[in-house]
Amino acid sequence: MVAQGRVTDLEGFLADVAAREAQMPTGLDGGIGIPHCRSEHVTEPTLAFGRSAAGIDFGAADGPADLIFLIAAPAGADDAHLTILSSLARQLMNTEFTDALRSAGDAASAAALIRGEEPPAAGATDAGSEDSVASSVAASADDATGTTTEAPGETPGDRPFRIVAVTSCPTGIAHTYMAAESLENAGRDAGVELVVETQGSAGFTRLDPAVIAAADGVIFAHDVSVREKDRFAGKPTVDVGVKAGINRPAELIAEVRAKAERGEATAAARPGTPVERTGEPGEGYGSKLRKWLMSGVSYMVPFVAAGGLLIALGFAIGGYQINEAKSVTEHFDWGQVDSWGALLFQIGAAAFGFLVPVLAGYIAYGMADRPGLVPGFVGGAISVTIGAGFLGGLVAGLIAGGVVLGIQRIDIPPVLRGIMPVVVIPLVSSAVVGFLMFVVIGKPISEAQKGLTDWLNSLSGTNAILLGVLLGLMMCFDLGGPVNKVAYTFATAGISVAAPSDSAMKIMAAVMAAGMVPPLGMALATTIRKRLFTSAERENGKAAWVLGASFISEGAIPFAAADPLRVIPASMAGGAVTGALAMAFGSTLRAPHGGIWVTFLIGKPFLYLLAIAAGTAVTAGLVILLKGMRRTAPEGVADSVSPVPEAAAAKQPVAA
């Protein structure tokens, strides 16, 4: 690739490949690795192929890969990148294709196979391998699955069984298209007309409504939400994870045919929503509950960030009495600083007013899809009204989702189904949730919320420090994951009122300080002891300075993914130190985000920064100590990727 001018800087390119691999392994079942990246060091989209006799571990469940496809695209060339990946993924489901690649005797034959051409005759030159495979592979991605409708006068008995399917995976690349290819192949073997809509990272092309209308059944093989799912309502449906679409397509086809024979129509085999169904069938209730709650938290966080920062800026401009200012609709002076402070504060307060309703609404959405939004928002708003706060929002969201799911299981006459989503479900579910929140459970939750607030306000000395340690550990345990979000949501809930207590602002300060430590600690460690880190990690370390300073804990994920047993404990130790010191120093924070950029809004800012520096030093020192106890990693390019054995590389030159 370098010799042909497709890669301009080998070290930089390999570092980009390794950085992408650190985000998520690219191994696929069947002995296949598809490392890929977009890089400023690539001049045009290129697909390279090689074989490894010993095998290279790309993180696949079934072991090392012997067929490796390296996909390189220029920075910003998303369409070409995804087109190559998606079309290649489809080909990899063909065992004849992979077997032929394993037996190809030279680079020209391998390149021809990947292009879909006839292999060159024996003794043919290898010149063809210098052409870009990308163009011909990309062309194969344009082979859209045909659509078929019944001919005039045709009856269902005169034609094959028809299925429409949707496939999607979290990254929207490989597994999405592998599942589609697997289902299509199984459909042909079963004599079924099967049409697939792939909802990948590059977007999706909707199936023709006439094709959906003519279908006898539906298969959803997905790990993320099915977009515009209502299009498929009213048909026998099988709903599974994307891997099931790859591994057992014939079973899924047989299952949807059996449902059609029994007359089952969209009673979803796995109740709930795409948020709930991001795992495999049979997933435990605890995992589902976590996903429901995380759905609400993920939608709430932007309101927290926007509203909290606006409130903090309002205080910074107008002073700490700005919360007592008149409404800007009654008094606003364009030339008065206090008026601008009041404006920012009141906008932020309006945004904060949505926190609990949004939390409750999207918890219910996670359980029951869009029908859960109305009762969820209503229950959240009632929680705010009666003073049940954050805890009330959690309960209201779960109740709303449960009520909607219960209503959806009732056998409704066909004549009423059209008004169920827009009239009956919102009306009945809102009334039930409102009754429960106002009359039955709202007051006990409100008392519990008040008790928690009073307890936090009473914390001082050793108790406050221990709380800081616990919050610091939680913030650094999974770096933006569920445990991190629990601690963060707990802190933001405390400052989401017009006049938060001093204890609530101390908790917010401790949480943000601890969350900054993991990326800052990794950045410091890569600066002090470079030889302990790969070149890709050293590059990530440079970015981690900014990410950590901005309170983006996810900046440490590439390090944790590569070496979790050393990086995570070191991060937790530093976070615990910082959380304890922040609480001991009594630093306060009114903003829920911003990192060092909101230092001017922090009470006792110098001590606050000292706490962060101490935790950063602990994390860096501990990770250096732990990494130093193992074999020292080699320096240079070789440490950033898993190299192909020299003998294998010599026998299998790159087909670019």
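Heads up: numbering here begins at 1 and tracks the sequence.
Within the 3.5 Å criterion, the main-chain N or O of I212 finds a donor-acceptor partner in the side chain of K235. Checked by atom type and distance alone, the side chain of Y608 never pairs as donor or acceptor with a backbone atom of A582 at under 3.5 Å. At distances below 3.5 Å, at least one donor-acceptor pair connects side-chain atoms of Q346 with backbone N or O atoms of V328. Side-chain N or O atoms of T385 include one that pairs as donor or acceptor with a backbone N or O of A381 at under 3.5 Å. Looking at S571, its side chain never comes within 3.5 Å of a backbone N or O of P569 through a donor-acceptor pair. Remark: the backbone N or O of V238 is not paired with any side-chain donor or acceptor of K259 at under 3.5 angstrom. Within the 3.5 Å criterion, the main-chain N or O of M505 finds no donor-acceptor partner in the side chain of T588. Using a distance-only test at 3.5 Å, with no hydrogens or angles considered, a donor-acceptor pair links the side chain of E197 to the main chain of L207.
With a 4.5 Å cut-off on side-chain heavy atoms, I441 and I399 count as touching. Side-chain contact between V384 and P357 is present, with at least one heavy-atom pair separated by less than 4.5 Å. Between M572 and V577 the shortest side-chain heavy-atom distance does not fall below 4.5 Å. No side-chain heavy atom of K443 sits under 4.5 Å from any side-chain heavy atom of I386. Looking only at side-chain heavy atoms (C-beta outward), R206 and Q199 stay at 4.5 Å or farther from each other. I363 has its side chain within reach of L398: a pair of non-hydrogen atoms, C-beta onward, lies under 4.5 Å apart. Between M508 and Y488, the closest side-chain pair of non-hydrogen atoms falls below 4.5 Å. A heavy-atom distance below 4.5 Å is found between the side chains of L589 and M512.
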Candidate pair L473 and F477, rule side chain to side chain contact (heavy atoms under 4.5 Å, CB included), full reasoning: CA-CA 6 Å; L473 291 171; F477 174 69; over 6 Å; no
Using the side chain to side chain contact (heavy atoms under 4.5 Å, CB included) rule, take I596 and F551 through it: C-alpha gap first, then chi angles, then the decisive distance, then the call. CA-CA 8 Å; I596 65 169; F551 182 40; over 6 Å; no
Apply the test side chain to side chain contact (heavy atoms under 4.5 Å, CB included) to residues F220 and V218: give CA-CA distance (whole Å), side-chain angles for both, the deciding distance (0.1 Å), then the verdict. CA-CA 7 Å; F220 294 139; V218 179; 3.6 Å; yes
Where do F377 and Y362 land on the side chain to side chain contact (heavy atoms under 4.5 Å, CB included) test, with the steps shown first? CA-CA 8 Å; F377 271 88; Y362 280 97; 4.0 Å; yes
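Counting non-hydrogen atoms of other residues, nucleotides and ligands closer than 6.0 Å to CZ of F585 gives a total above 12.
Interatomic distance, F332 CZ to L343 CG, rounded to the nearest 0.5 Å: 5.0 Å. Atoms CG and CD1, from D502 and I507 in turn, are 10.0 Å apart once rounded to the nearest 0.5 Å. Atom CD1 in I407 sits 9.0 Å away from atom CG in L427 (nearest 0.5 Å). Distance check: L471 CG to K506 NZ gives 14.0 Å after rounding to the nearest 0.5 Å. Within the model, atoms CG of L405 and CD1 of I425 stand 9.5 Å from one another, a figure rounded to the nearest 0.5 Å. In this structure, L470 CG and I465 CD1 are separated by 14.0 Å, a value rounded to the nearest 0.5 Å.
Closest heavy-atom contact between A360 and G393: CB-O, 3.3 Å. A573 and L622 make their closest contact through CB-CD2, 3.8 Å (heavy atoms, listed as atom of the first residue, atom of the second, distance). Among all heavy-atom pairs drawn from M475 and A514, the shortest one is CB-CB, 4.2 Å. Counting all heavy atoms, side chain and backbone alike, A260 lies closest to P236 at CA-CG, 3.7 Å. Closest heavy-atom contact between S383 and M437: CB-CE, 4.0 Å. Nearest approach of V404 to S429, heavy atoms of both residues: CG2-CB, 3.9 Å.
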